[in-house]
Student: 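Before I ask anything, let me first share the structure, which is written out below as structure tokens.
Every chain is numbered from 1, with letters handed out A, B, ... down the list of sequences.
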Amino acid sequence: MRVGPSVRQLGPFRIEVGQPSGAWTLAVSAVAIFAAFIAAGGIFWAYGVNPIHAYAVIAHDVLVVPGAFPEIFRSTIPLLLTGVGLVLAFRAQFYNIGAEGQLLAGAVAATGVALFTPIRGPMTLPVMFAAGFVGGALWGLLPSLLKLRLNVNEVITTLMMNYIALYFVSWLVTGPWRGPSVRGFAYTDQFPLSAWLPLIPGTRIHWPTLVLGVVLAAGCAVLLARTRLGFAIRVQGENPEAARYVGINALRTTLLVMLLSGGAAGLAGVGEVAGVHHKLLDPNQVSLGYGYTAIIVAWLARGQALATLITATLFGLIYSSGDVMQVSLQMPFRVTSVFNGLILFFLIGSERLLAYRVRWAPRRAPADPPASAAAPHRPSGEEQWE
Amino acid sequence: MRGHVSRWLTSAVVIAVLLAFIPMGYAQQKLKVGFIYVGPIGDYGWTNAHDVARRLVEQQLPVETLYVESVPEGRVEPFIDRLVAQGAKVIFTTSFGFMDGTVAAAQRYPNVIFAHASGFKRARNLATYMADFYQVYYLNGLMAGALTKTNKVGYVGAFPIPEVKRHLDAYALGVRAVNPQATIQVRWLQDWFSPPKAKEATQALIADGVDVFAFTEDSPTVIQESAKKNLLSFAHYSPMYKFAPKQVVSGELVHWETIYLDFLRKVLAGKYSADNLQDVDYWWLLAEKAVEVGAEPGMMINPLFVSRLKAATVKTADLGTLSVYDLVQRRIAQMSKNPVAFDPFAGPIKDRKGVLRVPAGQTLTVAELTSMEWAAPGVVGPWPGEP
């Protein structure tokens, strides 16, 4: 990693290499997304749909059709909560790939409260959220302990914990938690009404979870920028040796980060079961891969907790557009994945460009043109490369 | 932020209004019918069968169809919203998991006609329908019992839910009716579509000595895998004869179009409306031609196996001693009548633990069939939720 900007001259352009500014990041990302739209347009065209017509239909049906606009935020909610938690973990260089499992653990804990405790009335939902947070946090705890005590690679352990969570939920809904009222299908009974999250009227947005997500994003931004723990996280993430040298307790920092990260994913799980399904069901239906998509959400946010508000919404928009492509344009569902993939391809492909800033800075022509003008043309700016 | 969004909205509206004229050119007055599928239309099973039926319906009736595939259970309602916004007046939701979402949507759109496959909740604008295979599985079982040499037949099941258990039990009863020594070895996948898991389960069953296979999984994997060892199999849901023409004996085929055509004809004739579906429940079987015995339409039994089935004899209480081939034909004839002259679940039937499940002289009601949890005698293997 280069420290400090370096400058190159390439023909009339000056290229600076260094930390990208926020505006530059946005500009490059916007160009990348636009390029992805053009590439996807090629696919629409190949499929026999006029790309301009397609984008007009998508814009209309995603944003204008009554009731469609709020749908964007339904998938934003779990991505936001999970994404914020992952930003925190990634800042501490803890590669938590286990958000999916932590989300499921939160969903299980909330289901346990809703169906198998006597808590009813207005206290139900707060207790469910608390239980979900604890569930997700505990699910993230084991890999962090393994990492801290035995130096086991957390990428492997967090990923594997996802499968354990998946099969655990599967076992619960086909086994001990299967509801007597579902005629043998693999679901729990429906939650009592006091365990249903309220919706914004006329939409399907369970707003308490959305509010939690926004608050958490803001809270994490403050935590990272303004608190002692945030400082410890940043130092440890950027240079663990330095962190140890200045006496930052790696154990405590990593544990706290993982508790928060897992807990946030757990909250997302609560939102899904209490706001969307109102029961526990097949794990692949509880979470539509949100824990994995959130990795991209966090990655695109580039370590900024508040930026997850934008990236999670972007994904909500992409999902919604995919739905529209299926219904209004009658395209196959895989087109959503292709669309998704193209956008990511271009965004990640543009990553290298972020470090470069190109400025128009022509060099003055020397007063006395050298005799080498007739010599074979050398690539301009070559002398700058040594 | 707000100003930004509204500027976005305005420009989107302008574009949309301009382009709204394009589709208007071919706007039609045809009845719009929406289908919501749980899997991909290329799954070679459940969803594919519904989609084949959808295309037949569009050919035969003056309707326009829309479909959405691979819809997750939690998102059926938003997709119904979108279909209604597209002008759909009839919507079929084709998976049990869509039940609660469809019920909620039926309340939200009281003027739209809904029909939900395999569920049990109805409303004034919500009917239910199902084309069921249990009779066909019984017939497949009769053939499997006659063809097994190891006296072990295998069943690769998707989920241990009543629908699959009912089919497995019917299959087991068929096997045992011909071959009382035979056992039915079960493996569960916990998946409707998973070729890797199906492959693994098939290999495990082969290792256990199984030589005839039936299954509930939406791919031809079990057939292909068992055919590698030249073992026999029964196709499931789609015409799978071509995947192993020397090993596929017969199978189950579905004709959802019989239900869709009947339902939509009644909607078009004004007989069904969004007001009178409270008691409309299609439970269609062999007699209604909603299902068919065979691995290929029109091929009931692979000709390679006819002679072996004709050579095997069986003693029955009602038909005396006859060949298995003739027994299959007689049973099909009996079950193709309405009301049926034979039912696989005719009592007395005890489960594998010895508990009497169907008393003598009785058969099971549709509600009992759709909530079946017990395991038939001869079934060997795990049985989650066994009473």
Student: So which of A/Glu272, A/Arg204, A/Glu71, A/His278 has the largest heavy-atom pair count under 4.5 angstrom toward chain B?
Tutor: A/Arg204
Student: Under a 4.5 Å heavy-atom cut-off, does chain B meet the side chain of A/Ser320, its backbone, both or neither?
Tutor: both
Student: If you count heavy-atom pairs under 4.5 Å between each of B/Glu77, B/Glu373, B/Gln190 and chain A, which one has the most?
Tutor: B/Glu77
Student: Sort out for me which of A/Val327, A/Val182, A/Val65, A/Asp323 touches chain B most, counting heavy-atom pairs under 4.5 Å.
Tutor: A/Asp323
Student: At under 4.5 Å between heavy atoms, what parts of residues 280-287 of chain A are in contact with chain B? List them by residue number.
Tutor: A/Leu281, A/Asp282, A/Gln285
Student: Minimum heavy-atom separation for A/Gln326 to B/Phe79, with atom names?
Tutor: NE2-CZ, 4.2 Å
Student: Kindly check if the number of other-residue, nucleotide or ligand heavy atoms within 6.0 Å of CZ (A/Arg334) is above 12?
Tutor: no
Student: Quick check: do A/Phe185 and B/Met99 have side-chain heavy atoms less than 4.5 Å from each other?
Tutor: no
Student: Given heavy-atom pairs under 4.5 angstrom as the criterion, report whether the side chain, backbone, both or neither of A/Gln190 touches chain B.
Tutor: side chain
Student: So which heavy atom on A/Tyr187 is nearest to which on B/Gly97, and how close?
Tutor: OH-CA, 3.0 Å
Student: State which residues pass side-chain hydrogen bond (donor to acceptor under 3.5 Å, both in side chains) with B/Thr93; sequence neighbours excluded, sorted by chain then number.
Tutor: B/Thr102
Student: With sequence neighbours left out, write down each residue that passes side-chain hydrogen bond (donor to acceptor under 3.5 Å, both in side chains) with B/Tyr67, or none if nothing qualifies.
Tutor: none
Student: Which atoms form the tightest heavy-atom contact between A/Ser181 and B/Phe120, and what is the distance?
Tutor: O-CZ, 4.1 Å
Student: Once rounded to the nearest 0.5 Å, what's the spacing between atom CD of B/Glu69 and atom CD of A/Gln330?
Tutor: 9.5 Å
Student: Side chain, backbone, both or neither: which part of A/Pro332 has a heavy atom under 4.5 Å from chain B?
Tutor: both
Student: Quick one: of B/Val68, B/Leu66, B/Leu83, who has the most non-hydrogen atom pairs under 4.5 Å with chain A?
Tutor: B/Leu66
Student: So what's closer than 4.5 Å to chain A heavy atoms on B/Glu73: side chain, backbone, both or neither?
Tutor: both
Student: Just wondering, are more than 12 heavy atoms of other shown residues or ligands nearer than 6.0 Å to CZ in A/Phe116?
Tutor: yes
Student: For B/Pro78 and A/Arg74, which heavy atoms make the closest approach, and how far apart are they?
Tutor: CG-NH2, 3.0 Å
Student: Taking atom OH of A/Tyr47 as the centre, report whether more than 12 heavy atoms of other residues, nucleotides or ligands fall under 6.0 Å from it.
Tutor: yes
Student: Should we count CH2 of A/Trp207 as having more than 12 external heavy atoms under 6.0 Å?
Tutor: no
Student: At a 4.5 Å cut-off on heavy atoms, which part of B/Arg75 comes close to chain A: side chain, backbone, both, or neither?
Tutor: both
Student: Got a sec: does the CD of B/Glu58 have more than 12 other heavy atoms crowding it under 6.0 Å?
Tutor: yes
Student: Restricting to non-hydrogen atoms, name the atom on B/Pro72 and the atom on A/Leu288 that form the minimum distance, rounded to 0.1 Å.
Tutor: CB-CD2, 3.4 Å
Student: Counting heavy-atom pairs closer than 4.5 Å to chain A, which one of B/Ala367, B/Gly74, B/Ser371 comes out on top?
Tutor: B/Gly74
Student: What's the shortest heavy-atom distance between B/Arg82 and A/Asp61, and which atoms?
Tutor: NH1-O, 3.3 Å
Student: Which residues pass the side-chain hydrogen bond (donor to acceptor under 3.5 Å, both in side chains) test with B/Ser194, sequence neighbours left out?
Tutor: none
